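First up is the structure itself, then whatever we jot down about it.
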Amino acid sequence: GDAGEPAPPPSLVDGADLYGTVCFQTGRFRRVAIVSGRPPRSCRAIVRGHDDAPWFEQSPEPAGLHELVLGSPGLNDAALQVAQACVPGRVLQPGGCDSLTVTGAQVRGAVELRVFLISGPAARPDPAADTGEPVDYVWDIHGYDSSGQLVIAWTGLRMRDAGPLPSRRPRN
């Protein structure tokens, strides 16, 4: 960025704006703040690393060891949230990835996620447009803890544009 300009304040991503009725990131689970970027090409987000929900902690832990074989569920979900937030006004459906690399340890504190578009449309789509042609986005997402260590890496994360976000009905 420009050295003379102050960074814009982080904006919190509300899952209700991303997924409509399917949502994991509202209320106490809201953990993603978009810091900077040029969606959909790239963005940077700060997310909470630790999963404090009780059901994430129910796996048996021999001698206090906490190995997360597929990584932190909340951190994985946050990575998908950040990719989704790179295409505002659209619904994206995850379709797989080439590889997922995790440390297996629970991250305490903040994680910086860096998202890079590998393939897909370079321009921001019109949020309300419905082209009829399926569009696929492929991202690489790298997450670093506060010491700069790589803690998670999604390589070749594929997400398909499933159309414009449904209009939000007023809540009663």
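Predicted model, so just to flag it, every value in this text is computed and none were measured.
In this structure, Leu150 and His142 have side chains that are in contact, with non-hydrogen atoms separated by less than 4.5 Å. Counting heavy atoms from C-beta outward, Val138 and Leu117 have side chains that stay 4.5 Å or more apart. Residues Asn76 and Leu100 have side chains in contact (heavy-atom distance under 4.5 Å, counting atoms from C-beta outward). Looking at heavy atoms from C-beta onward, Val115 lies out of side-chain contact with Ser42 at the 4.5 angstrom threshold. Proximity of Val151 to Val111: side-chain heavy atoms (C-beta onward) are separated by under 4.5 Å at one or more points.
Side chain of Gln84 to backbone of Arg90: a donor-acceptor contact under 3.5 angstrom is found. No donor-acceptor pair under 3.5 Å is formed between the side chain of Glu112 and the backbone N or O of Tyr144.
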### Query
Does the pair Ile152 and Thr101 meet the rule for a side-chain contact (heavy atoms from CB on, under 4.5 Å), with working shown?
CA-CA 6 Å; Ile152 186 171; Thr101 305; over 6 Å; no

### Query
Hey, mind stepping through Leu157 and Leu80 against side-chain contact (heavy atoms from CB on, under 4.5 Å) and telling me if it holds?
CA-CA 9 Å; Leu157 171 64; Leu80 299 179; 3.7 Å; yes

### Worked verdict on Asp161 versus Val91 for side-chain contact (heavy atoms from CB on, under 4.5 Å)
CA-CA 6 Å; Asp161 187 329; Val91 175; 5.9 Å; no

### Task
Give the intermediate values and the outcome of side-chain contact (heavy atoms from CB on, under 4.5 Å) for residues Val82 and Ile141.
CA-CA 9 Å; Val82 175; Ile141 303 177; 5.7 Å; no

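Across every non-hydrogen atom of Pro39 and Cys86, the tightest pair is CB-O, 3.1 Å. The nearest pair of heavy atoms linking Leu113 to Ala79 is CD1-CA, 3.8 Å.
To the nearest 0.5 Å, atoms CZ (Arg48) and CG (Leu75) are separated by 10.5 Å. Going from atom OG1 of Thr155 over to atom CG of Asp98 covers 7.0 Å, rounded to the nearest 0.5 Å.
Between Arg158 and Asp136, no side-chain nitrogen of the basic residue sits less than 4.0 Å from a carboxylate oxygen of the acidic one, so the salt-bridge criterion is not met.
A cation-pi geometry, defined here as NZ or CZ lying under 6.0 Å from the six-membered ring centre and within 45° of its normal, does not hold between Arg41 and Phe116.
Cluster annotation: Val87 and Val135 are assigned to the same hydrophobic cluster (Ile/Leu/Val/Met/Phe/Trp/Tyr, side-chain heavy-atom contacts under 4.5 Å, transitive).
Here Trp139 pairs with Tyr137 under the ring pair (Phe, Tyr, Trp, His ring centres under 6.0 Å) rule; sequence neighbours left out. The salt bridge (charged side-chain N to carboxylate O under 4.0 Å, His left out) check on Arg38 picks up nothing, with sequence neighbours excluded.
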